[in-house]
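As structure tokens, the structure follows; a few thoughts come after it.
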Amino acid sequence: MKNLKGRDFLSVADLNGQEIKGLLQLATELKTGNMWPLASNKVLGLLFDKASTRTRVSFSVAMYQLGGQVIDLNPNVTQVGRGESIEDTARVLDRYLDVLAIRTFSHQDLQIFADYARIPIINALTDWEHPCQILADLLTIQECFGFLEGLTVTYLGDGNNVAHSLLLGAAMMGMNIRVATPNGYEPDREIVKTAQKLASIGVKIIITEDPVAAVKFAQVIYTDVWASMGQEDESLERIPLFIPYQVGSELLNHADSEAIVLHCLPAHRGEEISSAVLEGARSRVWDQAENRLHAQKALLVSLLGV
Ligand code: CP
Ligand code: NVA
């Protein structure tokens, strides 16, 4: 495993393919209990502007299992919530913490944190990307199929932060990636271009409005909420546009017979995924949620260099 000591993790594209493979290998070893690195006396800060169950708890448990400590820097209990600048906050937190995970709206703000703090800054979700999620997703897919290269993953729904990170991660790992969204909800063109640039040879990247064509013979079917945090007021108006992209039993019939279904959670049953599929035999969502812990523990070990 190439050591990532001192690096930031703001985007999947901050790593190269070898580094992602290394992290997945390390996560597998940590999961099986083959190694037990220690981050005693290391402190992780969690600065979350948005709600979180999985990311918050899995980062905290990972740090505790490594023998480290966690501080919750909720904006309501710090000066962040009263408008202290990011530049000042970053330089101060840098003097106390060993690593800082941030969940916020603007990716630009996250970048400013990274520019002003010398410690590793981790993207725990912005409106642009959710790279920690994708490490866990790749680990889950690798566990199910034994490999990643050559598989086809289809993402259905909104071309959001999760879709962006999945596009990058899948392309970099040699997976074909198809993204099916309603017109006007495609992933950003800049991300698609980056994914094309970073893709291994032979990788096919397809952005389409056709959910059935996108799902045909795919091995991994992935979805996320149609309205992300901060877009709740658009939820109702989006439903009729997005309904053809719901991951339901009928759509799944077009997928590979061994296809698995992933969802980063939280899920809205009856919207982006049917209850039958979420609870069904193809669903791997609970393993996927568990893998947040193992993948992020590997990330912490690597960024801290312990
Ligand atoms: N998937 C995910 O990031 O979940 P949380 O919002 O609960 O952290
Ligand atoms: N796209 C979702 C992911 C939640 C984990 C959001 O940003 O709300």
Side-chain angles (χ1 to χ4, degrees), residues 9-12 27 44-63 70 72-75 100-110 122-141 153 155-170 179-182 185-188 191 220 222-236 238-239 241-242 245-247 261-269 271-273 278 283-297 299-300:
F9 184 53
L10 310 187
S11 164
V12 173
L44 163 70
L46 297 178
L47 179 42
F48 280 30
D49 272 343
K50 298 178 175 179
S52 169
T53 298
R54 279 143 289 270
T55 311
R56 177 186 292 279
V57 179
S58 56
F59 261 122
S60 302
V61 171
M63 200 61 188
V70 181
D72 189 349
L73 300 164
N74 185 327
L100 174 60
I102 299 174
R103 171 169 285 202
T104 192
F105 290 88
S106 152
H107 200 76
Q108 202 86 28
D109 287 353
L110 182 76
I122 298 173
N123 180 357
L125 181 147
T126 62
D127 287 355
W128 186 248
E129 269 204 61
H130 194 6
C132 294
Q133 177 68 52
I134 267 50
L135 292 180
D137 302 341
L138 293 172
L139 181 62
T140 310
I141 298 167
V153 52
Y155 175 95
L156 295 147
D158 184 29
N160 61 16
N161 43 11
V162 170
H164 282 179
S165 292
L166 187 66
L167 260 162
L168 295 171
V179 178
T181 72
Y185 294 90
E186 299 83 4
D188 195 279
I191 285 280
V220 182
Y222 196 127
T223 191
D224 181 20
V225 290
W226 291 337
S228 286
M229 287 180 274
Q231 301 173 328
E232 287 82 358
D233 55 342
E234 292 178 36
S235 296
L236 281 180
R238 286 190 180 201
I239 289 174
L241 288 173
F242 279 80
Y245 302 86
Q246 183 187 81
V247 178
V261 172
L262 299 180
H263 189 312
C264 59
L265 304 175
H268 293 176
R269 289 169 169 81
E271 291 187 21
E272 74 276 1
I273 191 162
L278 189 71
S283 171
R284 297 290 180 276
V285 300
W286 315 119
D287 294 332
Q288 181 186 7
E290 178 188 331
N291 281 336
R292 297 293 305 276
L293 169 65
H294 310 299
Q296 285 159 203
K297 200 192 286 182
L299 182 68
L300 287 170

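Counting starts at 1 for both ligands and their atoms, in listed order.
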Problem - Subset of ligand 1 atoms that lie under 4.0 Å from at least one heavy atom of His130 - result: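 So the answer, numbered in order with elements, is 2 (C), 3 (O).
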Handout entry: Numbered atoms and elements of ligand 1 in range of Thr53, under 4.0 angstrom, heavy atoms
Key = 5 (P), 7 (O), 8 (O)
Problem - Qualifying residue, where the test is side-chain contact (heavy atoms from CB on, under 4.5 Å) with Arg103 and the options are Asn123, Leu110, Thr55, Ile122 - result: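 In the set Asn123, Leu110, Thr55, Ile122, the residue that makes a side-chain contact (heavy atoms from CB on, under 4.5 Å) with Arg103 is Thr55.
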Problem - Pair Thr104, Asp109: side-chain N/O donor-acceptor within cut-off below 3.5 Å - result: no
Problem - Flag for Gln296-Ser58: side-chain donor and acceptor within less than 3.5 Å - result: yes
Exercise for the section: Flag Pro266 as yes when one of its N or O atoms lies below 3.5 Å from any N or O atom of ligand 1, and as no otherwise. Expected result: no
Handout entry: ligand 1 N/O within reach of Gln133 N/O, cut-off under 3.5 Å
Key =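 Checking ligand 1 against Gln133, an N or O pair does fall under 3.5 Å apart.
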Handout entry: From OH (Tyr245) to CH2 (Trp226), nearest 0.5 Å
Key = 10.5 Å
Practice task
Consider ligand 1: state whether an atom of it lies below 4.0 angstrom from any non-hydrogen atom of Lys50.
Solution key: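 No heavy atom of Lys50 comes that close to ligand 1.
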What are the distances between nitrogen or oxygen atoms of ligand 2 and protein nitrogen or oxygen atoms, counting only those under 3.5 Å?
| from | atom 1 | to | atom 2 | distance (Å) |
| --- | --- | --- | --- | --- |
| ligand 2 | 1 (N) | Asn160 | ND2 | 3.3 |
| ligand 2 | 1 (N) | Asn161 | OD1 | 2.8 |
| ligand 2 | 1 (N) | Asp224 | OD2 | 2.6 |
| ligand 2 | 1 (N) | Ser228 | OG | 2.7 |
| ligand 2 | 7 (O) | Asn161 | ND2 | 2.9 |
| ligand 2 | 7 (O) | Ser228 | OG | 3.4 |
| ligand 2 | 8 (O) | Met229 | N | 2.8 |

Handout entry: Where Ala289 and Leu265 come nearest, the two heavy atoms and their spacing
Key = CB-CD1, 4.3 Å
Handout entry: Nearest non-hydrogen partners of His130 and Arg292, listed with the distance
Key = CE1-NH2, 3.6 Å
Exercise for the section: Would you please test Asp224 and Leu166 for side-chain contact (heavy atoms from CB on, under 4.5 Å) and show each step? Expected result: CA-CA 11 Å; Asp224 181 20; Leu166 187 66; over 6 Å; no
How close does the nearest protein non-hydrogen atom get to [atom], and which residue and atom is it?
{"atom": "atom 4 (O) of ligand 1", "answer": "Arg54 NE, 2.8 Å"}
{"atom": "atom 2 (C) of ligand 1", "answer": "Arg292 NH1, 3.3 Å"}
{"atom": "atom 6 (O) of ligand 1", "answer": "Arg103 NH1, 2.8 Å"}

Exercise for the section: Please lay out, stage by stage, how Ser52 and Phe59 fare under the test side-chain contact (heavy atoms from CB on, under 4.5 Å). Expected result: CA-CA 11 Å; Ser52 169; Phe59 261 122; over 6 Å; no
Handout entry: Neighbour count above 12 (heavy atom, 6.0 Å) for Gln108 CD
Key =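 No, the 6.0 Å shell around CD holds no more than 12 heavy atoms from other groups.
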Problem - Aromatic plane relationship, His107 with Trp128 - under 30° parallel, 30 to 60° tilted, over 60° perpendicular - result: tilted
Handout entry: For ligand 1, the portion of Leu125 having any non-hydrogen atom under 4.0 Å away
Key =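 Neither; nothing of Leu125 gets under 4.0 Å from ligand 1.
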